[in-house]
Amino acid sequence: GQQLNQSPQSMFIQEGEDVSMNCTSSSIFNTWLWYKQDPGEGPVLLIALYKAGELTSNGRLTAQFGITRKDSFLNISASIPSDVGIYFCAGKISGNTPLVFGKGTRLSVIA
Amino acid sequence: NAGVTQTPKFQVLKTGQSMTLQCAQDMNHNSMYWYRQDPGMGLRLIYYSASEGTTDKGEVPNGYNVSRLNKREFSLRLESAAPSQTSVYFCASSVLAERNEQFFGPGTRLTVL
């Protein structure tokens, strides 16, 4: 099946720092989504992207749909302790294909 | 408005036992999904139902069956549980299969001994 490569696998940052993570695919996607999962909870949708080059923000989070349509990026500015969790990217090739998830980036924030 | 609910939250089975995981959504969504999540892995699709009355296999369907009981409910059945099915199971729903924004339930933690 389709594979999404998400990096980094994990990161430790100081509170207040900015964070960047990305997701790449060997296939062209028409949709990119970013989710966050807190311990013991289900994933929560953060941002959805539908157009190449699209840049969308949700508070301190900003995500971009890469212009090649094979990658996406998520940035978190001025991190705070509640940003801790696992961030998943997900992508879709076309309307009829299932969503494919990356393996996640585990973010730890040191106060 | 509870969103997506799943029962039970936790379950321990012995190898060979059967059980059904329940999922319901109150958002009037047409499409529903079952995923499993294993340590260090992303979410892998088991089965999905694009609309009431239809079901399709996902990436890892072996050992599972599903039933779309009505528009609200989508159940996942393990007929003969195996230790390899120890995992966290998530149900999700979306307005339409083509609308990719899926909303997830809180998960069921299943251990098969």
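These values consider heavy atoms only, across backbone and side chains, with no hydrogens, waters or symmetry-generated copies. Chain letters run A, B, ... following the sequence lines, proteins first and then strands; every chain starts at 1.
Residues B:Ile46 and B:Phe104 fall into different hydrophobic clusters, defined by Ile, Leu, Val, Met, Phe, Trp and Tyr side chains chained together at heavy-atom separations under 4.5 Å. The hydrophobic clustering, which links ILVMFWY residues whose side-chain heavy atoms are closer than 4.5 Å, places B:Val88 and B:Met19 apart. B:Tyr33 and B:Val66 are members of different hydrophobic clusters when ILVMFWY side chains are connected at heavy-atom separations under 4.5 Å. In the hydrophobic clustering of this structure, B:Phe90 does not group with B:Val60; members are Ile, Leu, Val, Met, Phe, Trp, Tyr whose side-chain heavy atoms approach within less than 4.5 Å, directly or through other members. In the hydrophobic clustering of this structure, B:Trp34 does not group with A:Val100; members are Ile, Leu, Val, Met, Phe, Trp, Tyr whose side-chain heavy atoms approach within less than 4.5 Å, directly or through other members.
Of the two parts of B:Leu45, only the side chain, counted from C-beta on, holds a non-hydrogen atom closer than 4.5 Å to a non-hydrogen atom of chain A. B:Gln6 does not touch chain A: none of its heavy atoms, backbone or side chain, sits under 4.5 Å away.
Residues of residues 106-113 of chain B that come within less than 4.5 angstrom of chain A, heavy atom to heavy atom, are B:Pro106, B:Arg109 in numerical order. Within residues 33-43 of chain A, the residues having any heavy atom under 4.5 Å from a heavy atom of chain B are, by residue number, A:Leu33, A:Tyr35, A:Gln37, A:Gly40, A:Glu41, A:Gly42, A:Pro43.
Judged as a ring pair (Phe, Tyr, Trp, His ring centres under 6.0 Å), the pairs with a partner in residues 11-30 of chain B (not counting sequence neighbours) are, in order, B:His29-B:Phe103.
Counted within 6.0 Å of CZ on B:Arg44, heavy atoms from surrounding residues, nucleotides or ligands total more than 12; the atom is thus considered enclosed. Within 6.0 Å of the CD atom in A:Gln9, the count of heavy atoms belonging to other residues, nucleotides or ligands does not exceed 12.
The shortest distance between side-chain heavy atoms of A:Leu99 and B:Tyr35 falls below 4.5 Å.
A distance of 5.5 Å separates CZ of A:Phe101 from CD of B:Gln102, quoted to the nearest 0.5 Å. One finds the CD1 atom of A:Ile47 at 11.5 Å from the CD atom of B:Glu101 (value rounded to the nearest 0.5 Å).
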Residues 51-59 of chain A, side-chain donor-acceptor partners within the protein, below 3.5 Å, at least two apart:
residue, atom, partner, partner atom, Å
A:Glu54, OE1, A:Tyr50, N, 2.7
A:Glu54, OE1, A:Lys51, N, 2.8
A:Glu54, OE2, A:Thr56, OG1, 3.2
A:Ser57, OG, A:Thr62, OG1, 3.1
A:Asn58, ND2, A:Leu46, O, 3.0

